[in-house]
Amino acid sequence: MTQTTTSATSADDGGGPAPPASPSTAPPSTAPPAARYDAVIRAAVGQGLLGESGPVAGFIDTEGVRASVGSLFDAFAATPGVLHTFAAKACSLVPVLRLLADCRMGCEVASPGELRLALEAGFPASRIVLDSPAKTREEIRLALALGVAVNADSLDELRRIDALRNPGTASVLGLRVNPQVGGGSIGPMSTATDTSKFGVALRDPGAREAIVAAFRDRPWLTRLHAHVGSQGCPLELIAAGVARTHELAEEINATLGVRQITSLDIGGGLPVNFADETVHPTYADYVAALAAAAPGLFSGRYALVTEFGRSLLAKNGFIGARVEYTKDAGGRRIALTHAGAQTATRTVLMPGAWPLRIGAFGPDGAPKDGPVVAQDIAGPCCFAGDVVAYGNELPELAEDDLVVLYDTGAYYFSTPWAYNSLPRPAVYGFRLVAGQDEDPGHEGAVMFATVRDAQSMDAIAAESGLAHVDALIERGD
Ligand SMILES: *Cc1c(COP(=O)(O)O)cnc(C)c1O
């Protein structure tokens with residue numbers, strides 16, 4: 001891993017005035033930005049990682065990720081035999097997955113690509129879990145050959161596994177249920193509604209009996225899985241879904257007269273607070289909610305698997321982007337930046353559901369101050385809705401300034417959208433290292449490591465069919 005170091009002055013000159021409360025038309029997300037990363041932003045500019053030659057990049061706080069994993073492990077410390085997997089889709093970058101493997105996590109994957117990344121990152125097959133609602137026979141065959149755990153999403157998929165399974169497989173096999181406890185505040189993120197596409201709908205007529213029979217017919221089926229939803233689902237809803245799943249396991253084992261179900265995969269989905277810097281709810285809050293809703297869950301009778309994504313990474317990353325131009329239109333101030341739908345896809349497409357805190361920095365990476373102005377923070381994509389925040393109250397932005405989109409460590413720069421053939425932005429990990437005693441003006445240094453290079457023009461051409469350039473030209477006969 002190549003690393004570069006730059007010294008950073010202390011951040012005590014940063015911050016500027018706190019933006020006033022957001023107007024009612026703006027998302028409720030303009031709490032004062034995080035001074036905690038000011039030194040990193042300044043160092044990124046100093047290193048040339050952000051600026052004219054790097055107009056947009058993602059940044060990951062390596063030590064922050066380790067600390068978040070630590071708080072997850074701590075919350076479950078009283079329960080032996082928990083496998084904490086990271087939901088790969090939340091930050092599908094091999095060095096990030098390797099970091100999480102190094103933190104003794106497992107990995108939850110939901111596609112052949114994610115499985116490949118998890119293996120490349122060094123997760124042992126025994127710590128990988130494959131969930132997906134549309135696994136092909138080929139994917140199932142590969143997972144079983146590798147010994148990766150598989151959660152079937154339907155009874156039909158179980159029938160495929162019947163046909164493909166070698167009795168010697170090391171794979172732990174489970175069934176995903178939809179406890180149908182209802183949705184959260186973001187419809188597309190709610191997987192436990194009555195009509196969700198995921199799992200076997202537990203409360204539908206005849207479903208319980210069919211699930212019990214499926215386990216009776218398959219002594220090798222030893223796990224139940226549920227993932228109630230992601231962002232927007234309150235803890236009580238998630239806990240209720242886990243409680244229904246635990247009850248079902250007890251019922252199946254009692255009916256079969258044998259402890260066939262030995263583990264419960266309780267999914268992920270701890271919501272992240274995007275409104276300010278505080279982390280809440282915490283993993284400890286989550287464990288408390290589970291203990292209240294499903295007291296038997298921590299009895300030790302079931303090994304547990306978790307699948308957290310967003311809550312481990314979101315607050316440990318941010319996007320930095322250059323302001324290329326500003327303009328006024330119809331009485332609105334607009335900053336045209338390089339952070340748009342290609343890297344903040346959900347926020348641009350559903351701004352009300354996914355508001356982000358935004359910070360304003362000068363060309364040198366120092367926090368801007370001065371009177372605030374309501375500004376639209378627009379991106380580079382060629383559609384009118386490519387705006388990451390409307391009417392955001394920030395110090396007035398100008399050409400060559402920078403904006404920072406906080407809490408974007410999960411599902412943002414790691415899941416880019418290829419719109420307009422914009423390149424996937426570079427991603428850097430960073431670490432703050434303690435300062436030298438003899439250098440009191442400097443708080444420490446920032447070390448960067450490249451996680452992903454910005455996509456090259458050659459790579460964009462290649463993925464756009466360059467190898468088949470003549471494929472559609474009539475050749476004549
Ligand atoms: C997306 C997903 C997760 C992770 O959800 P987060 O909200 O990122 O914690 C876990 N399990 C399954 C099955 C998922 O689809």
Side-chain angles (χ1 to χ4, degrees), residues 65 68-69 71-72 75-76 82-93 96-97 100 105-111 113-115 117-118 127-135 143 148-154 157 174-179 183-193 196-200 223-235 237-239 241-242 245 263-274 279 281-283 285-287 289-290 304-317 345-346 353-354 407-412 414-415:
V65 171
S68 295
V69 173
S71 64
L72 170 61
F76 283 84
V82 184
L83 171 61
H84 294 293
T85 68
F86 174 67
K89 73 174 182 285
C91 197
S92 49
L93 295 163
V96 173
L97 299 179
L100 292 161
M105 290 202 68
C107 194
E108 187 264 354
V109 300
S111 72
E114 288 179 0
L115 175 55
L117 300 183
R127 299 176 78 81
I128 299 176
V129 177
L130 174 65
D131 299 328
S132 128
K135 304 176 197 77
V148 164
V150 178
N151 288 319
D153 190 74
S154 64
E157 192 181 328
L175 178 66
R176 178 167 181 170
V177 294
N178 169 9
S185 62
I186 309 176
M189 307 306 290
S190 300
T191 49
T193 57
S196 162
K197 72 174 182 178
F198 291 104
V200 181
R223 175 174 287 172
L224 270 180
H225 172 224
H227 169 68
V228 169
S230 289
Q231 189 66 18
C233 291
L235 278 191
L237 187 75
I238 297 174
V242 173
T245 310
S263 60
L264 297 175
D265 181 339
I266 60 178
L270 189 77
V272 166
N273 166 35
F274 285 96
V279 174
T282 63
Y283 292 114
D285 296 333
Y286 172 77
V287 168
L290 286 185
L304 299 179
V305 180
T306 71
E307 306 175 334
F308 292 105
R310 182 175 291 103
S311 53
L312 286 167
L313 260 294
K315 284 197 131 41
N316 293 313
T345 313
R346 280 200 168 120
W354 299 98
D407 304 333
T408 49
Y411 301 98
Y412 280 88
S414 59
T415 34

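Order of appearance sets the numbers: ligands from 1, and atoms from 1 within every ligand. Every value quoted in this text rests on a predicted model; they were computed, and no experiment measured them.
Trp354 is not listed as a side-chain neighbour of Tyr411, based on a closest heavy-atom distance of 4.5 Å or more. Using a 4.5 Å heavy-atom threshold, the side chains of Val65 and Val96 count as separate. Residues Tyr283 and Leu312 meet the side-chain proximity criterion, which asks for heavy atoms closer than 4.5 Å. Residues Ser190 and Ser196 have side chains not in contact (no heavy-atom distance under 4.5 Å, counting atoms from C-beta outward). Counting heavy atoms from C-beta on, the side chains of Gln231 and Arg346 never come closer than 4.5 Å. When side chains are defined from C-beta on, Val69 does not count as touching Phe86, because their heavy atoms never get closer than 4.5 Å.
Among protein heavy atoms, the minimum distance from atom 1 (C) of ligand 1 is reached at Lys89 NZ, 1.3 Å. The protein atom (non-hydrogen) at minimum distance from atom 11 (N) of ligand 1 is Glu307 OE1, 2.7 Å.
Residue Arg176 has at least one heavy-atom neighbour below 4.0 Å for each of these atoms of ligand 1: 13 (C). Atom numbering of ligand 1 starts at 1 in the shown order; those under 4.0 Å from a heavy atom of Asp131 are 13 (C). Distances below 4.0 Å separate heavy atoms of Phe308 from the following atoms of ligand 1: 9 (O). For ligand 1, the atoms sitting less than 4.0 Å from at least one non-hydrogen atom of Arg310 are 6 (P), 7 (O), 8 (O), 9 (O), numbered in the order shown with element in parentheses. Counting the atoms of ligand 1 from 1 in the order shown, those under 4.0 Å from a heavy atom of Tyr411 are 1 (C), 4 (C), 5 (O), 6 (P), 8 (O). Numbered from 1 in the order shown, with element, the atoms of ligand 1 that lie under 4.0 Å from a heavy atom of Gly269 read 5 (O), 6 (P), 7 (O), 9 (O).
Here the two rings, on His84 and Phe76, have centers that are under 6.0 Å apart.
Considering only residues two or more places apart in sequence or on other chains, Glu307 meets the side chain to side chain donor-acceptor pair (under 3.5 Å) condition with His225.
Only the side chain of His227 comes within 4.0 Å of ligand 1, counting heavy atoms alone; its backbone N, CA, C and O stay farther away. Contacts between Glu108 and ligand 1 below 4.0 angstrom, taking non-hydrogen atoms only, involve the side chain exclusively. At a 4.0 Å heavy-atom cut-off, ligand 1 does not touch Phe198 at all. Under 4.0 Å from ligand 1, heavy atoms of Ser230 appear from its side chain as well as its backbone.
The backbone N or O of Gly106 lies less than 3.5 Å from no partner atom in the side chain of Thr85, so there is not a single donor-acceptor pair. With hydrogens and angles ignored, the 3.5 Å screen pairs a side-chain donor or acceptor of Asn178 with a backbone N or O of Thr193.
For ligand 1, the polar-atom distance check against Gln231 finds no nitrogen or oxygen pair separated by under 3.5 Å. Some N or O of Gly309 is nearer than 3.5 Å to an N or O of ligand 1, by distance alone.
The shortest separation from a heavy atom of Ser311 to ligand 1 is not under 4.0 Å, leaving the residue out of contact. Heavy atoms of Met189 come nearer than 4.0 angstrom to ligand 1 in no pair at all.
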